[in-house]
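Let me begin by presenting the structure, written as structure tokens, before commenting on it.
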Protein chains: 2
Amino acid sequence: MESEETPARWEGLPSWLLSQTAHHAHRLVSDGFSSVGARGYHYRLLATLEESGPASQAALGRRSGIHLSDMVATINELADRELVERAPDPSDRRRNIISLTSAGKRQLRRLEKRLAECQDELLAPLSPEERQRLAELLSRLRDHHDRRTRIPEEPGR
Amino acid sequence: MESEETPARWEGLPSWLLSQTAHHAHRLVSDGFSSVGARGYHYRLLATLEESGPASQAALGRRSGIHLSDMVATINELADRELVERAPDPSDRRRNIISLTSAGKRQLRRLEKRLAECQDELLAPLSPEERQRLAELLSRLRDHHDRRTRIPEEPGR
DNA sequence: GCCCAATGTTTGTATTCCTAACGTTTACCT
DNA sequence: AGGTAAACGTTAGGAATACAAACATTGGGC
């Protein structure tokens, strides 16, 4: 009966546009990742591991922005597939030392490749200059709100 | 031991920037909404109701983009607070007709006010021209991917 | 030696989006 | 008319991301 064209009133709101485009981006990326049997946390953890080298779960969580609670499952999943190794720290028995295996490194290469392809697909309708400007505007927004959000934590330390 | 400054390698990726900014936007908006005891679905449903007038749950779901499964809970919550009314459709006993109460309309006004404030806070670091360009770029991305996503559904009907 | 902090872990919450199944009711088709 | 297909409302649950709270173990500062 109704023709279901819904130019809803919120369609133009910046917050809505952000949600929608982020949703599309997330779909692209997580489809890309899942085609290799991974998800976002896996990539973030593997990438952090390659940058930082072996480290404790807590340190990895801080660097990757993954919550400690979620690190456990993420590492379990990666360790099950031997992309990552969990070994007790001999110098601190509270800690596990997580390290990247060579299979993990190969997986990371695959994920990075997918990720790059996704960026291109995501930005397909924009020219190189427009992509640049978009990234710049988004960075400004993120930096602004990151500062508003982050814990003050005494800056002398 | 490590100084935890993590300029992770994915920080500059467009998909990541979108996720982050959308996350900030979502936090702002949903904080704004929850200060009036509502959430995103509530606003979308109320706004759709005001635009479309009374309608069945399925029709509202299509127009608002809210999944049918989630409509039930959303309407329950709004009906509990008498912001919305659920009445059986006499001409089709499968359907409920949902309509906006005057309290619901007042709530919608409140939500719209919060929403507008949030847009401003979200875009605070950008000039009016920059806001315009951001919206334009995001719209292009969204439209592009909306078309790729939407079901072909025969265009004659 | 004590106390506090850090660590790893489990459990549980919330939101958004989505799938699947089910019973009821209506619509269509022959 | 009869039978099948479709729409509707509902319930239940899963996946991904993000977070809070509690807990036992261990280290380190004092």
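Order of the sequence lines sets the chain letters (A, B, ...), proteins ahead of strands, with each chain counted from 1.
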| said: How close do A:Leu17 and B:Ala135 get, counting heavy atoms only, and between which atoms? | reply: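 The answer is CD1-O, 3.7 Å.
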Check the distance between [N]'s [atom2] and [X]'s [atom1] and give it to me in whole angstrom.
X: A:Leu60; N: C:dT7; atom1: CG; atom2: C1'; answer: 13 Å
X: B:Asp92; N: D:dC8; atom1: CG; atom2: P; answer: 8 Å
X: A:Arg63; N: C:dT7; atom1: CZ; atom2: C1'; answer: 15 Å
X: A:Asp89; N: D:dT26; atom1: CG; atom2: P; answer: 13 Å
X: A:His23; N: D:dT17; atom1: NE2; atom2: P; answer: 12 Å
X: A:Phe33; N: D:dA15; atom1: CZ; atom2: P; answer: 19 Å

| message | With a 4.5 Å cut-off on side-chain heavy atoms, are B:Ile98 and B:Glu85 touching? | response |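 Not touching, per the 4.5 Å side-chain cut-off.
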| query | Do the charged groups of A:Glu129 and A:Arg133 touch, with an N to O distance under 4.0 Å? | reply |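 Result for this pair is no, no salt bridge flagged.
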| Are A:Asp143 and A:Arg140 ion-paired here, with the side-chain N under 4.0 Å from a carboxylate O? |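 Looking at A:Asp143 and A:Arg140, the cut-off is not met.
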Atom pairs, N/O to N/O, protein against nucleotides 3-5 of chain D, distance under 3.5 Å?
none

Under 3.5 Å, side-chain donor or acceptor atoms of residues 65-74 of chain A against the rest of the protein: list the pairs with distances, not counting sequence neighbours.
residue	atom	partner	partner atom	Å
A:His67	ND1	A:Ser69	N	3.2
A:His67	ND1	A:Ser69	OG	3.0
A:Thr74	OG1	A:Asp70	O	2.7

| request: Using the closest heavy atom to pick a nucleotide of DNA chain C for each, name whichever of B:Pro90 or B:His67 lands nearer the 5' end. | output: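 Going by which nucleotide is closer to the 5' end, it is B:His67.
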| message | Going by salt bridge (charged side-chain N to carboxylate O under 4.0 Å, His left out), name the pairs with one or both residues in residues 16-39 of chain A, residues two or more places apart or in two chains. | response |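 Counting only pairs at least two positions apart or across chains, the salt bridge (charged side-chain N to carboxylate O under 4.0 Å, His left out) contacts touching residues 16-39 of chain A are A:Arg39-A:Glu77.
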| said: Applying side chain to side chain donor-acceptor pair (under 3.5 Å) as the test, list every pair that has at least one member in residues 13-26 of chain B; sequence neighbours left out. | reply: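 Only A:Gln119-B:Ser15, A:Asp146-B:His24 qualify under side chain to side chain donor-acceptor pair (under 3.5 Å).
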| query | Which residues pass the salt bridge (Lys or Arg N to Asp or Glu O under 4.0 Å) test with B:Glu112, sequence neighbours left out? | reply |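 So B:Glu112 forms a salt bridge (Lys or Arg N to Asp or Glu O under 4.0 Å) with A:Arg9, B:Arg109.
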| note | Contact string for nucleotides 8-16 of chain C, one letter per nucleotide 5' to 3', B = base within protein heavy-atom range under 4.0 Å, S = sugar-phosphate only, - = neither, reads SBBB---SS
